[in-house]
J.: 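Got a structure here, written out as structure tokens. Questions coming.
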Amino acid sequence: MTKKIAVLPGDGIGPEIITEALKVLYFLNTDMNLGLEFEHGLIGGCAYDVYGTPFPETTLALAKAADAILFGAVGGVKWESLDIALRPEKGLLGLRSELQLFANLRPAKLFPQLAHASTLKPEVVAGLDIMIVRELTGGIYFGQPRGIRLLANNERQGFNTLVYSESEIERIAHCAFKIAQQRQSKLCSVDKANVLESTELWREVMITVSHHYPDVQLSHLYVDNAAMQLVRAPTQFDVIVTTNMFGDILSDTAAMLTGSIGMLPSASLDANNKGMYEPIHGSAPDIAGKGIANPLATILSAAMLLRYSLAMLPAAERIEQAVASVLDAHLRTQDIYSEGMQKVSTQAMGDAVLAQLQKGE
Ligand code: NAD
């Protein structure tokens, strides 16, 4: 059965890194007879230049019809002065909300070859392999009422609402438990149940849902302790599930434990595991067109796409193994370069991953 992949390279380094990820996918598609079909679309600044909107109807239709979406990055100086509704980032946010991508998966995995790149001691991060599952479409970022109001004493007051319904918590819980089952079967739910009623409910629902997954060991941490543990002893974690705002903060902390923004993939999934896959970094206008961007985060995003939306685990593992082999061979793009290594371009890094796959490794 064919599977449709919508390819949305976007702006800046987006097209450069997507080109390298596609090399890998095209090869595996033929080599493993995966039945993938690819269709390209415009999103972000490049879409604005052609259609006058960062999120054209044709792109939405393409994304809706696809089984999974491979996304580069959007944004750039050229579009920064546009009205906020027309800025490139609106395309990304539009996709997330139109497709109801409520589960954001952010792995923070340390490749042992890059242990020195972390700001933590190598022995603290050795073996680090965490998956953060962040609720992406609810919580305080979307809760109503919100705004800035004028009080009777003429002072302005800003306010937001932290709100979670049981069904919103249930669906992210199921998603996180299923992911834990595919890993070390350890799930840590992060909340602030001692202070916030909405996360008291979060904890209750997590416990209720856990009864469907007796093979997964569920634990709970308050967010302040979780932040501390992430930098004290990060390898204690397997999967972390948390709210939109806590996940926003903790996933960036976890990402930095691995040292490089150019190495980290991500996924945003809907209730049926349809997803959008993208590197965690942006369009890096400062290095666009120079051929020095690291394509590995995007190549690893392609591996996540195969794993989570298409359940093609052997193909995903081949990509991950090929990336590890390339690092073993001391190839480094500029962002992860250190003395004694071989500095390579974006294209050369993609070619090296492809060559590993062609060797059958
Ligand atoms: P950024 O992630 O684009 O860049 C931050 C720094 O990391 C830069 O120095 C950049 O050169 C470097 N970097 C990023 N990716 C790299 C890679 N693959 N290889 C090597 N180095 C890399 O963040 P920023 O500079 O804050 O934002 C630039 C633009 O990207 C803005 O327009 C912003 O709105 C947009 N943005 C888009 C997304 C997205 O599309 N998902 C996410 C974040 C930012």
Side-chain angles (χ1 to χ4, degrees), residues 96-97 100-108 124 128-147 157-257 266-271 280:
R96 283 183 185 157
S97 69
Q100 297 193 35
L101 304 174
F102 68 87
N104 187 210
L105 275 49
R106 292 263 303 250
V124 175
L128 180 82
D129 184 1
I130 304 176
M131 175 68 81
I132 299 199
V133 180
R134 166 190 171 195
E135 201 290 324
L136 197 61
T137 54
I140 197 163
Y141 291 177
F142 294 93
Q144 296 288 347
R146 60 190 294 158
Q157 184 186 56
F159 59 102
N160 291 86
T161 306
L162 173 54
V163 55
Y164 269 115
S165 62
E166 280 181 295
S167 58
E168 280 178 305
I169 306 169
E170 267 165 22
R171 66 181 186 177
I172 193 78
H174 281 290
C175 174
F177 275 103
K178 285 182 183 141
I179 286 166
Q181 281 181 324
Q182 293 175 32
R183 295 173 45 102
Q184 305 302 314
S185 293
K186 274 170 58 186
L187 178 63
C188 178
S189 170
V190 173
D191 59 43
K192 192 72 183 169
N194 51 341
V195 177
L196 301 170
E197 287 83 352
S198 48
T199 67
E200 196 183 329
L201 180 68
W202 176 280
R203 188 176 284 216
E204 272 176 31
V205 174
M206 284 290 156
I207 292 168
T208 307
V209 173
S210 74
H211 299 138
H212 296 276
Y213 304 89
D215 52 328
V216 177
Q217 180 196 331
L218 174 68
S219 61
H220 307 272
L221 279 182
Y222 297 136
V223 64
D224 42 347
N225 191 11
M228 189 175 78
Q229 296 300 332
L230 262 181
V231 289
R232 192 188 72 84
T235 55
Q236 68 184 283
F237 295 108
D238 176 23
V239 182
I240 292 175
V241 61
T242 191
T243 63
N244 201 342
M245 183 164 68
F246 295 163
D248 192 3
I249 299 163
L250 294 182
S251 63
D252 271 19
T253 308
M256 278 327 294
L257 299 179
S266 77
S268 303
L269 303 181
D270 76 2
I280 68 159

J.: Scan for ring pair (Phe, Tyr, Trp, His ring centres under 6.0 Å) pairs involving residues 207-228, sequence neighbours excluded, and state none if there are none.
T.: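 Of all non-adjacent pairs touching residues 207-228, those that pass ring pair (Phe, Tyr, Trp, His ring centres under 6.0 Å) are His174-His212, His174-Tyr213, Phe177-Tyr213.
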
J.: Test of understanding: with side-chain contact (heavy atoms from CB on, under 4.5 Å), list the residues that count as partners of Thr161, not counting sequence neighbours.
T.: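 Pro145, Val163.
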
J.: I need the Ser251 OG to Ile280 CD1 distance, nearest 0.5 Å.
T.: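 The distance works out to 7.5 Å.
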
J.: What's the spacing between Leu257 CG and Phe237 CZ if we round to 0.5 Å?
T.: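 Going from CG on Leu257 over to CZ on Phe237, the span is 10.0 Å.
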
J.: Any donor-acceptor pair under 3.5 Å linking the side-chain atoms of Glu168 with those of Ser165?
T.: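 The criterion, which ignores hydrogens and geometry beyond distance, is satisfied for Glu168 and Ser165.
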
J.: Can you check whether Ser268 reaches Leu136 side chain to side chain, under 4.5 Å on heavy atoms?
T.: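 A side-chain contact exists here, since the closest heavy-atom pair is under 4.5 Å.
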
J.: So, do Glu200 and Asp191 sit near enough that their side-chain heavy atoms are less than 4.5 Å apart?
T.: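 The answer is no, as the side chains (C-beta and beyond) never meet within the 4.5 Å cut-off.
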
J.: Step through the shown structure and confirm whether more than 12 heavy atoms of other residues, nucleotides or ligands are within 6.0 Å of CD on Glu197.
T.: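 No.
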
J.: Would you indicate whether the side-chain heavy atoms of Met131 and Arg106 approach each other to under 4.5 Å?
T.: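 Arg106 vs Met131: side chains apart.
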
J.: Contact between Tyr164 and Asn244 at the side-chain level, heavy atoms closer than 4.5 Å - yes or no?
T.: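 They are in contact (side-chain heavy atoms under 4.5 Å apart), so the answer is yes.
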
J.: Does the side chain of Val133 come within less than 4.5 Å of Ile179's, by heavy atoms?
T.: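 SC-SC contact between Ile179 and Val133 confirmed.
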
J.: Grab the two heavy atoms, one from Met206 and one from Leu218, that are nearest each other, plus how far apart they are.
T.: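 So the two residues come closest at O-CD2, 3.7 Å.
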
J.: To the nearest 0.5 angstrom, please state how far the CE atom of Met245 sits from the CG atom of Leu250.
T.: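 Spacing of CE (Met245) from CG (Leu250) equals 10.5 Å.
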
J.: Is there a side-chain contact between Leu269 and Leu105 in this structure, where contact means two heavy atoms from C-beta onward sitting under 4.5 Å apart?
T.: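 Contact flag for Leu269/Leu105 side chains = yes.
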
J.: Please give me the minimum heavy-atom distance between Ile130 and Pro234, naming the atom from each residue.
T.: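 Heavy atoms of Ile130 and Pro234 come nearest at CD1-O, 3.5 Å.
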
J.: Side chains of Val190 and Val241: closer than 4.5 Å at any heavy-atom pair?
T.: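 Val190 does not reach Val241 side chain to side chain.
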
J.: Using side-chain contact (heavy atoms from CB on, under 4.5 Å) as the criterion, list what pairs up with Gln184, not counting sequence neighbours.
T.: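 Partners of Gln184 under the side-chain contact (heavy atoms from CB on, under 4.5 Å) test: Asp238.
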
J.: Is Asp252 close to Met256 at the side-chain level, that is, under 4.5 Å between some pair of heavy atoms?
T.: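 Result no, sub-4.5 Å side-chain heavy-atom pair not found.
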
J.: Quick one: closest heavy-atom pair of Phe102 and Thr137, and the distance?
T.: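 Looking at all heavy atoms of both residues, the shortest contact is CB-OG1, 3.3 Å.
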
J.: Could you walk me through whether Glu166 and Leu201 pass the side-chain contact (heavy atoms from CB on, under 4.5 Å) check?
T.: CA-CA 7 Å; Glu166 280 181 295; Leu201 180 68; 4.1 Å; yes

J.: For atom CD of Gln229, decide whether the heavy atoms of other residues, nucleotides or ligands shown that lie under 6.0 angstrom number more than 12.
T.: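 Atom CD in Gln229 is crowded, with more than 12 foreign heavy atoms closer than 6.0 Å.
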
J.: Atom CG of Asp248 and atom OG1 of Thr243: how far apart are they, to the nearest 0.5 Å?
T.: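 Asp248 CG to Thr243 OG1: 9.5 Å, rounded to 0.5 Å.
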
J.: Cationic tip of Arg134 within the cone over Phe246's six-membered ring, i.e. under 6.0 Å and within 45° of the normal?
T.: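 Pair Arg134/Phe246 does not count as cation-pi.
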
